[in-house]
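Only one structure is covered here, and it is reproduced in the block below.
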2 protein chains.
Amino acid sequence: MTADPHSTAGPASRHGHDHAHCIADALTRADALCAERGARLTALRRQVLELVWNSHKPRGAYAILEDLSQREGKATAPLTVYRALEFLVEHGLVHRIESLNAYIGCAAPGAVHSGQFLVCETCGNAVEIDDPRIRAAIGTIAAEHGFQVSRPTVEVRGTCTDCQEKTP
Amino acid sequence: MTADPHSTAGPASRHGHDHAHCIADALTRADALCAERGARLTALRRQVLELVWNSHKPRGAYAILEDLSQREGKATAPLTVYRALEFLVEHGLVHRIESLNAYIGCAAPGAVHSGQFLVCETCGNAVEIDDPRIRAAIGTIAAEHGFQVSRPTVEVRGTCTDCQEKTP
DNA sequence: CCGGCGATGTAATAAGATAACGCCATGACC
DNA sequence: GGTCATGGCGTTATCTTATTACATCGCCGG
């Protein structure tokens with residue numbers, strides 16, 4: 001375990017925000033959304049969702065797998081996690097960050113998802129944005145090319161405000 | 001090997017365009033660019049670049065590896081290919097498509113690279129675009145978040161015109 | 001000539017993801 | 001309650017993608 005100034009493992013650790021609240025919120029929203037859709041948010045899936053929400057950093061499937069194994073006290077197979085993640089992604093509760101092969105909780109499940117992220121290369125945090133201008137620009141150029149969009153992916157790598165301040 | 005109506009392996013196979021010309025062009029540009037920068041486009045790297053350009057589809061590192069091994073008549077190690085790809089990506093001669101874990105030749109090396117692609121999920125072709133509106137929108141929202149951009153990634157999955165026509 | 005550096009070779013392994021198969025719990029239906 | 005279909009989950013094996021560590025080669029400047 002490396003020291004990490006941006007760790008969000010504990011409560012109230014990032015910008016003083018109460019991350020436990022983030023998690024609780026996410027789970028509540030997920031419960032509601034799944035109930036509404038008749039989707040089964042099983043104990044396992046809920047557990048995986050909670051682990052994804054352990055921080056605001058994208059987490060790899062195998063990192064989640066380790067956590068899960070530890071919690072359950074027994075080894076879990078990769079497939080178990082992948083299946084849960086697949087469900088969560090399908091229902092828009094979790095996004096996959098392609099450029100990191102990692103997963104992150106969705107900030108606004110249920111709403112339109114265009115999957116845009118600002119990913120800090122220093123601290124690893126990823127902030128979900130949903131900018132209508134970007135969405136519009138993508139729509140326009142796709143139309144100009146006669147291209148039918150199914151899934152736009154925008155992942156902007158760079159440095160977040162906090163990390164810029166720390167290394168000026 | 002599966003039959004592929006969109007294969008661009010042979011000359012003049014995609015939309016009647018002379019793909020051999022694409023490859024030759026790409027190599028010429030690469031030579032010029034590297035000479036200009038004092039970068040060493042070695043035989044190996046040049047070979048890998050040529051293999052990347054074998055089609056307009058993003059190709060996996062291991063696919064390139066296979067081609068390379070076959071050409072050389074002896075097994076090549078993955079690292080060989082990865083190192084060459086790293087060089088090519090660094091110099092903007094090749095782009096990595098994150099959502100596919102694959103590589104594709106850059107259409108305009110030397111120019112500004114914002115790395116935007118329209119990726120067809122049916123035929124596998126990827127078209128590089130560089131839309132100023134998307135670039136601007138990303139710049140704007142990043143600025144609004146105080147986020148310093150180092151590498152924007154835009155990969156739009158969907159269906160290209162040709163494939164739409166074929167399955168209406 | 002030779003020291004150094006960048007490029008390549010070799011081997012091993014990590015990390016990420018999926019395929020194939022089967023069991024079991026749940027819930028619809030009789 | 002019994003029965004059946006479905007979906008979720010477990011197990012094992014395997015595949016793809018990527019990297020780490022270390023050795024060697026060859027070119028170029030001094």
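Nucleotide D:dT17 holds its P atom 11 Å from the CZ atom of B:R59, rounded to whole Å. Note: CD (A:Q47) to P (D:dC9) measures 12 Å, nearest angstrom. Rounded to whole Å, the distance from CG on A:L88 to P on D:dC9 is 10 Å. Here the P atom of nucleotide D:dC9 and the CD atom of A:E72 are 11 Å apart, to the nearest Å. Note: CG (B:L65) to P (D:dT19) measures 15 Å, nearest angstrom. Spacing between atom CZ of A:R45 and atom P of D:dG10 amounts to 11 Å, rounded to whole angstrom units. Atom P of nucleotide D:dT17 and atom CD of B:E86 are separated by 18 Å, given to the nearest angstrom. Going from atom CD of B:E90 over to atom C1' of C:dG6 covers 13 Å, rounded to whole Å.
Residue-environment remark: CD (A:Q70) stays at or below the threshold of 12 foreign heavy atoms within 6.0 Å. Within 6.0 Å of atom CD in A:E72, more than 12 heavy atoms from other residues, nucleotides or ligands are found, so the atom counts as buried in its surroundings.
In this structure, B:H95 has its ring center under 6.0 Å from that of B:F117. Between A:H19 and A:H21, the distance from one ring center to the other does not fall under 6.0 angstrom.
Here B:E98 pairs with B:R96 in a salt bridge; the nearest charged N to carboxylate O distance falls below 4.0 Å. With respect to A:R29 and A:E36, no salt bridge is recorded, no charged nitrogen being found less than 4.0 Å from a carboxylate O. A salt bridge between B:R133 and A:E144 is present, with a side-chain N of the basic residue lying under 4.0 Å from a carboxylate O of the acidic one. Between A:R71 and A:E50 there is a salt bridge, since at least one side-chain N of the basic residue sits less than 4.0 Å from a carboxylate O of the acidic one.
Within the 3.5 Å criterion, the main-chain N or O of A:T76 finds a donor-acceptor partner in the side chain of A:S69.
Within residues 32-43 of chain B, the residues approaching DNA chain C are B:R40, B:T42, by heavy-atom distance under 4.0 Å.
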### Task
Indicate for each nucleotide in nucleotides 10-17 of chain C, in 5' to 3' sequence, whether protein heavy atoms under 4.0 Å reach the base (B), only the sugar-phosphate (S), or nothing (-).
BB----BB
